[in-house]
Structure formats: structure tokens, C-alpha cells
Amino acid sequence: MAKTASEELIFHKKAFQEALLRWYHTHARVLPWRIEPTLYKTVLSEFMLQQTQIKTALPYFHRWVDELPTFEALSKATPEKVLKLWEGLGYYTRARNIHKLAKALVAMPQIPKTPEAWLELPGVGPYTTAAITSISFKEPLACVDGNVVRILSRLTANSREFTDSATASKYFAPLGQALVNTDNPGDHNQAMMELGATVCHRRSPECLLCPVKNFCKGTKENPENFPKLTQKKIEKKEIYRIWCIKDGNILLHKATAKAKRLSGIHELPTQDQVGISESDLKASDLIVKKVRTITRFQMVESIYRLSRVKKKLKPDLVWVPLNKLSTVILSGPHKRWIEELA
DNA sequence: AACACGGGGTC
DNA sequence: GACCCAGTGTT
């Protein structure tokens with residue numbers, strides 16, 4: 001009976017783990033959460049690195065640890081303080097979740113150490129549970145993120161199609177788990193992800209530098225064929241926004257606490273938030289057209305200059321002094337646009 | 001399983 | 001423009 005690619009790999013597990021770990025111990029990047037790691041730094045880095053690349057998260061991580069160095073400090077911080085430190089990183093639910101998590105931990109008699117307990121905490125899913133418990137508590141649980149899916153699909157030359165990354169992670173979880181080095185699961189997990197980030201790139205992987213190329217079926221064909229993810233179609237949206245400055249104040253929209261997204265975040269108001277007709281708007285100055293893509297939406301945002309607006313505005317519209325913009329929380333793109341246009 | 005999330009980077 | 005990134009939560 002011929003072995004499957006997964007069985008073959010698992011058969012050579014020990015040699016695979018040793019080659020991977022040897023490589024990691026000489027090639028791991030020096031990152032702030034790897035220097036004198038603590039549970040707090042590990043948790044914070046994992047939250048920041050959800051859907052965000054290391055290079056982007058790095059300055060935020062330093063600022064955050066300076067301002068809120070412990071779970072205790074974080075648990076006592078105001079929501080505004082927390083959101084301000086996250087300003088520009090996007091996916092603001094993560095900031096609200098780690099804030100809730102800190103409050104929950106501080107209220108507990110002791111820090112939970114089991115995967116089951118961590119999975120219950122806000123913003124902690126299967127990946128983050130595995131990352132935190134393996135790194136901080138030596139729990140032998142495999143992290144299966146985008147990097148690991150890419151590595152496992154290439155190692156086994158698996159060309160199964162997936163509709164989304166969550167489905168792919170679920171599919172590869174058993175193989176990932178079978179390969180975990182139970183002596184050092186934290187470094188094993190980090191090594192897998194480090195390999196994906198620095199060698200086994202999505203495009204042009206550097207197989208010649210790979211410590212586990214001898215275990216890899218994918219390198220013998222075209223590794224870029226794996227994994228196979230079906231594309232989603234991009235939906236286009238057109239948004240009209242208002243640029244209105246009066247007596248040194250700029251008109252902004254603040255999403256209410258109940259808002260599904262961007263709760264507490266300020267942005268340039270849209271045409272309908274200000275209550276102006278589309279024809280009136282198009283009769284005014286078009287300042288600039290901005291395009292950005294987020295998840296499956298491409299947004300084209302046209303910003304129009306308005307010299308005046310109605311006296312009576314809805315309460316979520318606020319006038320903010322241009323020299324006091326640092327006191328409110330802006331989404332990253334809007335912050336940059338305002339700096340650019342003001 | 002599909003989608004929302006409303007940011008950023010790379011080729 | 002397509003696709004990815006140390007994903008989670010909701011439906």
C-alpha cells in the first residue's frame with residue numbers, strides 16, 4: 001500500500017522537526033515580542049498580527065507597550081485610550097477585544113493555561129489559542145495560519161481547492177497537529193510561520209534556502225500552484241464625502257457606540273449623513289477621488305468641498321478644530337487624507 | 001459555508 | 001487588479 005504524501009511526511013516527522021528547529025534557531029528574526037517574552041507581549045503581538053503584517057504592526061506594538069505595559073494597565077485604560085493606540089491599524093474590533101480580554105484576565109483568580117479556557121476569551125479563536133498556549137505554556141497545539149496552510153499544501157503537493165482561508169486551515173489542522181514538536185511547540189509553531197514569511201513566500205519561494213526542501217513534494221513541481229484558493233469577486237462601491245471647514249473647524253462623522261463597524265471612529269461625513277442631495281453635491285467642487293480596497297469591496301470615495309451645511313445637524317456629526325484633530329480617533333485612510341488636504 | 005470586518009502590502 | 005497577511009465573530 002503506497003503512503004499518501006501526508007503519511008510519508010508524518011513518517012519522517014522527527015527529522016522534519018529537527019531540520020526546521022535548527023533553521024529557526026539560526027534564522028529567526030529578532031522581534032520585540034521574542035525578546036524576553038511575556039504572556040502580555042505574546043497576547044498583544046498575536047492580536048496585532050491578526051490579518052496584519054509584522055512590518056505594519058511593529059511601530060504600534062512599541063507604542064502600546066510603552067503606554068500600557070501590563071494587563072493590569074490595559075484593563076484600567078479608557079476605551080478612547082485603547083482605540084487611540086490602535087488608530088490606523090484597522091479592524092478595530094481587535095482593540096476592543098483585547099481590552100475586554102485584559103479586564104477578564106484581571107478579574108480571574110489565576111491566569112488560565114488551557115486551550116479550552118483561552119478559546120472562551122474575546123477575540124481568541126483556534127489560531128490565537130494555539131499560538132498563546134504553545135508559546136507561553138508549552139501546550140502541544142499546532143498553529144494553522146495562512147503561512148502554515150501554504151507550507152503544508154506545498155509539502156504534500158495538495159491541489160485541493162478552498163473557498164476561504166478558514167476552510168483551508170480546518171482541512172490542514174490534522175496534518176499540522178501531527179507534525180508538532182511536543183518538546184518545544186512554541187518554537188515549532190513560530191518556525192513554521194517564520195518559514196512561510198521569509199522563505200516559502202506565496203510567489204517565488206526560495207526553495208534553495210529551505211531547511212525542509214528534502215521533505216517537500218511541492219518543490220519538485222511548481223510550488224506556486226499550492227495552495228489553491230478560489231477567488232472572490234470584488235464588489236465596487238461609490239461613496240460621496242463632504243469636506244467642510246468653518247472657522248477652523250472640520251465637520252466629521254463619529255460612528256455611534258452601537259455602530260456595527262467603526263464604532264467610536266471619526267471619518268469625513270458622507271453625503272447622506274449630512275443630508276444633502278446628490279445633485280447639490282455634484283454642483284460643488286470635487287476635490288479628490290480616493291480608491292481603496294478592503295476585504296471584498298473596492299470603494300471609490302469622492303470628496304466634495306462644501307462651503308456651508310445646515311445649521312441643525314444630526315448628533316453624530318461633530319465640528320472638530322483642525323488643530324485638535326489628535327484628540328479624536330480617525331480611521332487610518334481618513335487621517336491621511338485630512339492631513340493631505342488640510 | 002459564507003460573509004463582515006471598512007487596513008495595508010506586494011507583484 | 002488580484003491576492004495575501006501570525007483570523008475572529010456572526011449568520
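Quick note on labels: first sequence line is chain A, next is B, and so on, each numbered from 1.
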Regarding A:N184 and A:D187, do their side chains bring together a donor and an acceptor under 3.5 Å, going by distance alone?
yes
With the criterion being N/O to N/O and under 3.5 Å, what pairs connect the protein with nucleotides 9-11 of chain C, and how long is each?
unit_1: C:dG9; atom_1: OP1; unit_2: A:G123; atom_2: N; d: 2.4

Among B:dG7, B:dG9, C:dA6, the one nearest A:P333 by side-chain distance
B:dG7
Can you identify which nucleotide, out of B:dG9, B:dG6, C:dG7, has its nearest atom closest to the A:D145 side chain?
C:dG7
Evaluate the side-chain proximity of A:Y40 to A:L68: yes if any heavy-atom separation is below 4.5 Å, no if none is.
yes
Nucleotide nearest A:T128 when distance is taken to its side chain, options B:dG6, C:dG7, C:dC4:
C:dG7
Would a distance-only check, ignoring hydrogens and angles, find a side-chain to backbone donor-acceptor pair under 3.5 Å from A:E235 to A:F297?
no
For the pair A:F215 and A:F16, name the ring-plane relationship: parallel under 30°, tilted 30 to 60°, perpendicular over 60°.
perpendicular
Start with the C-alpha gap between A:E267 and A:R241, add the side-chain angles, then the distance that decides, and say whether salt bridge (charged side-chain N to carboxylate O under 4.0 Å, His left out) holds.
CA-CA 9 Å; A:E267 291 197 324; A:R241 294 198 184 269; 3.5 Å; yes
Mapping A:K55 and A:F297 onto DNA chain B by nearest heavy atom, which one lands closer to the 5' end?
A:F297
Taking B:dA2, C:dA6, C:dC3 as options, the one with an atom nearest any side-chain atom of A:W33 is C:dA6
What distance, rounded to whole Å, do you find between the two P atoms, one in C:dT8 and one in B:dG9?
22 Å
State whether A:R203 places a side-chain N or O below 4.0 Å from either non-bridging phosphate oxygen (OP1 or OP2) of B:dC11.
no
Of B:dG7, B:dC5, B:dG8, the nucleotide closest to the side chain of A:R292 is B:dG7
Going by atom types alone, do A:H188 and A:Q17 pair a side-chain donor with an acceptor below 3.5 Å?
no
Lys/Arg-Asp/Glu bridge criterion (N-O < 4.0 Å) met for A:E72, A:K76:
yes
Integer-rounded Å distance: C:dC3 C1' and A:K228 NZ
14 Å
Provide the distance between the two P atoms, one in C:dA6 and one in B:dC11, to the nearest whole Å.
14 Å
Per A:R202 side chain, nearest of listed nucleotides B:dG8, C:dA6, C:dC3
C:dC3
DNA chain C contacts made by residues 263-273 of chain A, counting heavy atoms under 4.0 Å
none
Please determine if a side-chain N or O atom of A:S169 lies less than 4.0 Å away from the OP1 or OP2 oxygen of C:dG7.
no
For A:Y304 together with A:W243, are the ring centres under 6.0 Å from each other?
no
Considering only side-chain heavy atoms of A:S165, which listed nucleotide, C:dG7, C:dA6, C:dC4, is closest?
C:dG7
Where the side chain of A:T295 is concerned, which of C:dA6, B:dG6, B:dC5 is the nearest nucleotide?
B:dC5
What's the gap between C:dC4 and B:dC5 when it is taken at their C1' atoms, as a whole Å value?
16 Å
Touch check for A:K170, heavy atoms < 4.0 angstrom, all strands: base, sugar-phosphate only, or nothing?
nothing
Would the distance check show the side chain of A:W337 and the main-chain N or O of A:L341 forming a donor-acceptor pair, the cut-off being under 3.5 Å?
no
If you assign each of A:T163 and A:Q51 to its closest nucleotide in DNA chain B, which residue comes earlier from the 5' end?
A:T163
Earlier contact from the 5' end, DNA chain C, for A:Q53 and A:K236:
A:K236
Could you tell me whether A:K213 and A:E206 have a side-chain N and a carboxylate O separated by less than 4.0 Å?
no
